[in-house]
**Q** 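One structure is given below, represented as structure tokens, and several questions about it will come after.
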Amino acid sequence: MSIPNARPINSTMMQVPLSLNHLLERAGRLFPTSEIVSRLPDKSYRRHSYAAFYQRARQLAQALLSLGLRPGERVATLCWNHHAHLECYFGIPAAGGVMHTLNLRLSPDEIAWIANDAQDRILVVDDVLLPLYRQVASKYQFEKVIVFAFSGATVDASFTDYDALLAQSDPSRFDYVSHHEEDAVSMCYTSGTTGRPKGVVYSHRSTILHTLVACLGDFWGLRGTDVVLPVTPMFHANSWGIPYGAVMMGVKLVFPGPHLHPDDLLDLMQTEPPTLALGVPTIWMGLIQAFEAAQTAQPGRWSLPVGMRSLVGGAAVPESLIRAFHKHGIWILQGWGMTETSPVCTISYPKAELQGSTMDERYRRAAMAGVPVPLVDLRIRSEDGADAPWDGIRVGEIQVQGPFITGSYHQLPISDEKFSADGWLRTGDVASVDPLGFVRITDRTKDLIKSGGEWISSVDLENALMAHPDVAEAAVIAIPDEKWSERPLACVVLKPGKSTPPARLSAHLLEHSFAKWQLPERYEFIQAIPRTSTGKFYKLKLREMFPA
Ligand code: ADP
């Protein structure tokens with residue numbers, strides 16, 4: 001029944017800004033005994049309670065204010081994953097500043113360029129990274145440099161000592177700098193794999209909404225009893241947002257520090273067994289190889305944390321990797337996203353419709369990018385500009401829109417190349433979506449191989465090659481071809497002691513339902529696939545190595 005002339009009614013809800021400060025206060029009050037473990041440069045462990053984290057984050061905020069930090073000014077970090085970096089995640093925004101995580105794997109020139117573009121005023125840097133800092137400093141001058149004595153060594157008097165600075169400030173005197181929920185809290189740059197790095201600036205609001213969505217049961221499913229190991233660097237899309245989720249739920253955090261070698265991660269897993277770990281596929285490929293090799297060479301050296309959920313994203317996750325981990329009781333949850341999208345946009349989880357499906361079907365789904373998370377609108381734009389139907393067949397560019405997706409880049413005009421005329425982010429990723437809503441990424445636009453007018457997916461070829469028992473890693477690129485325009489070239493790393501000929505790999509691909517014309521034109525057997533600064537396969541480098 002409709003009521004004639006019913007007047008519009010205003011909501012009676014409070015207008016309280018979404019804020020990271022709320023998460024910090026909540027953590028201090030509710031989870032004082034939760035633990036934060038950091039692996040130090042000498043591989044020993046340092047333990048902190050959340051009570052200490054709360055106090056130190058507020059001390060940092062107070063110290064930054066006493067250094068004259070003004071709202072919206074950038075405070076850069078050049079740090080590994082550890083407790084002090086977490087303090088920056090909350091302390092810098094609490095002072096009204098914007099935390100800008102610098103990628104320590106970039107060259108000094110690139111870091112200086114990015115720091116200058118962001119106009120970083122203050123820098124927090126690990127003492128073990130001072131050699132890198134000194135190279136950056138000859139190109140970009142920070143006004144103030146705060147050194148965190150990560151190694152435990154005394155900080156040179158020419159710098160400000162992070163711990164001494166905190167010790168001088170009284171957190172009970174601290175008052176949060178007031179803000180709007182749209183105010184900036186942090187900033188990351190795209191890695192520049194496909195162009196100049198571009199700044200993405202996140203707000204209190206976008207960060208809180210992203211955290212809430214990512215933590216939902218079907219996705220990260222974060223529980224207070226979890227032990228979280230973020231292998232994803234804290235400079236890579238804010239470690240995918242897990243530090244915020246962890247603090248929101250008061251979970252135990254285990255930071256690996258600079259020790260990301262598979263042996264070190266396996267050692268860490270023995271002392272501090274995680275229930276949830278995050279990292280790009282190459283991390284897990286290295287880890288499973290080291291683990292399986294040790295099973296024969298040194299049985300009993302390591303065990304894997306059975307029941308652990310592993311969040312893997314940043315690049316396509318091969319089905320063979322998912323199967324390999326599941327054999328040891330670990331489930332891989334794949335996510336897709338970008339620095340521009342906070343980053344979580346889709347997650348592959350067993351939807352209700354898949355209850356009762358075979359394990360093969362579940363693996364197949366887990367190897368897809370997954371289903372869009374709430375608050376993210378996703379469409380597939382075909383080359384003709386129309387929306388492709390969600391039939392699992394038709395491919396096009398993924399375009400997304402939502403409250404934690406960037407609508408522009410720092411100090412850059414809005415370009416047609418990055419945003420559609422109606423304001424959607426153009427991701428540059430090519431995919432199809434099936435009727436259940438599962439996104440299947442075929443490639444980045446720039447990595448697709450166009451052969452005789454047909455597209456060949458490099459991702460599909462890589463995944464099938466990595467399913468061969470002799471193959472450790474594989475990456476496929478396009479090489480120019482007079483007749484076909486482009487043809488696939490497969491760069492393959494064989495497992496130790498293997499000498500599998502190309503013909504055998506091609507036969508394996510034919511068995512995996514590739515057509516003859518899709519098979520790699522050439523194979524190059526190499527020692528290792530070059531990595532980007534965030535640990536993904538670096539196809540640009542491969543294209544330079546094999547120009548034709
Ligand atoms: P970059 O790769 O340039 O360092 P990002 O970390 O922001 O920067 O990477 C975003 C890109 O990573 C996406 O556009 C996509 O190409 C790729 N990516 C992320 N997750 C996945 C995934 N699950 N499957 C395939 N590609 C992915």
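Keep in mind the model is a prediction, meaning the values are calculated, not measured. Start at 1 and go down the list; that is how both ligands and their atoms are numbered. Scope of the values below: all heavy atoms of this structure, side chains included, with no hydrogens, waters or symmetry mates.
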**Q** Among A316, P343, G314, G428, which residue places a heavy atom closest to atom 20 (N) of ligand 1?
**A**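 Nearest option to atom 20 (N) of ligand 1, by heavy atoms: G314.
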**Q** Heavy atom to atom 22 (C) of ligand 1, shortest distance: which of A315, G313, A367 holds it?
**A**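 Selected option, by shortest heavy-atom distance: A315.
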**Q** Could you list the atoms of ligand 1 found under 4.0 angstrom from a heavy atom of H236?
**A**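 Near H236, meaning under 4.0 Å from one of its heavy atoms, ligand 1 has 6 (O).
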**Q** I need the contact type for R444 against ligand 1. Using non-hydrogen atoms and a strict under-4.0 Å cut-off, is it side chain, backbone, both or neither?
**A**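 Answer for R444: side chain.
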**Q** When the aromatic ring centroids of F255 and H83 are compared, is their separation below 6.0 Å?
**A**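 No, the ring centres sit 6.0 Å or more apart.
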**Q** Would you check whether A237 reaches within less than 4.0 Å of ligand 1, judged by its heavy atoms?
**A**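 Not so, A237 does not reach ligand 1.
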**Q** Which atoms of ligand 1 are found less than 4.0 Å from any heavy atom of G335?
**A**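 Within the 4.0 Å cut-off of G335, ligand 1 contributes 20 (N), 22 (C), 23 (N).
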**Q** Just which atoms of ligand 1 are under 4.0 Å from any heavy atom in T534?
**A**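 Near T534, meaning under 4.0 Å from one of its heavy atoms, ligand 1 has 4 (O).
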**Q** Using a 3.5 Å cut-off and no angle test, enumerate the donor-acceptor pairs between side-chain atoms of residues 463-472 and protein atoms at least two apart in sequence or in another chain.
**A**
unit_1, atom_1, unit_2, atom_2, d
H468, ND1, D470, N, 3.0
D470, OD2, T500, OG1, 2.8

**Q** In Å and rounded to the nearest 0.5 Å, what is the CH2 to OG1 distance from W336 to T346?
**A**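 So the gap between those two atoms works out to 6.0 Å.
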**Q** More than 12 foreign heavy atoms under 6.0 Å from CD of E544: is that the case here?
**A**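 Enclosed.
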**Q** Residue-level breakdown please: for D429 versus ligand 1, do any non-hydrogen atoms fall below 4.0 Å on the side chain, on the backbone, on both, or on neither?
**A**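 Looking at D429 and ligand 1, just side chain atoms fall under 4.0 Å.
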**Q** Under 4.0 Å from a heavy atom of K536: give me the atoms of ligand 1 that qualify, with their elements.
**A**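 Those of ligand 1 that fall under 4.0 Å from K536 are 1 (P), 2 (O), 4 (O), 5 (P), 6 (O), 8 (O), 9 (O), 10 (C), 11 (C), 12 (O).
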**Q** Run E292 and H328 through side-chain hydrogen bond (donor to acceptor under 3.5 Å, both in side chains) and show every step you take.
**A** CA-CA 10 Å; E292 289 184 344; H328 300 288; 3.3 Å; yes
**Q** Taking the six-membered ring for Trp, are the ring centroids of Y363 and H326 within less than 6.0 Å of each other?
**A**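 Yes, the ring of Y363 comes within the 6.0 Å limit of the ring of H326, centre to centre.
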**Q** Within ligand 1, which atoms have a heavy atom of Q334 less than 4.0 Å away?
**A**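 Those qualifying, in numeric order: 22 (C), 23 (N), 24 (N).
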**Q** Using the side chain to side chain contact (heavy atoms under 4.5 Å, CB included) rule, take L216 and L222 through it: C-alpha gap first, then chi angles, then the decisive distance, then the call.
**A** CA-CA 7 Å; L216 290 174; L222 219 54; over 6 Å; no
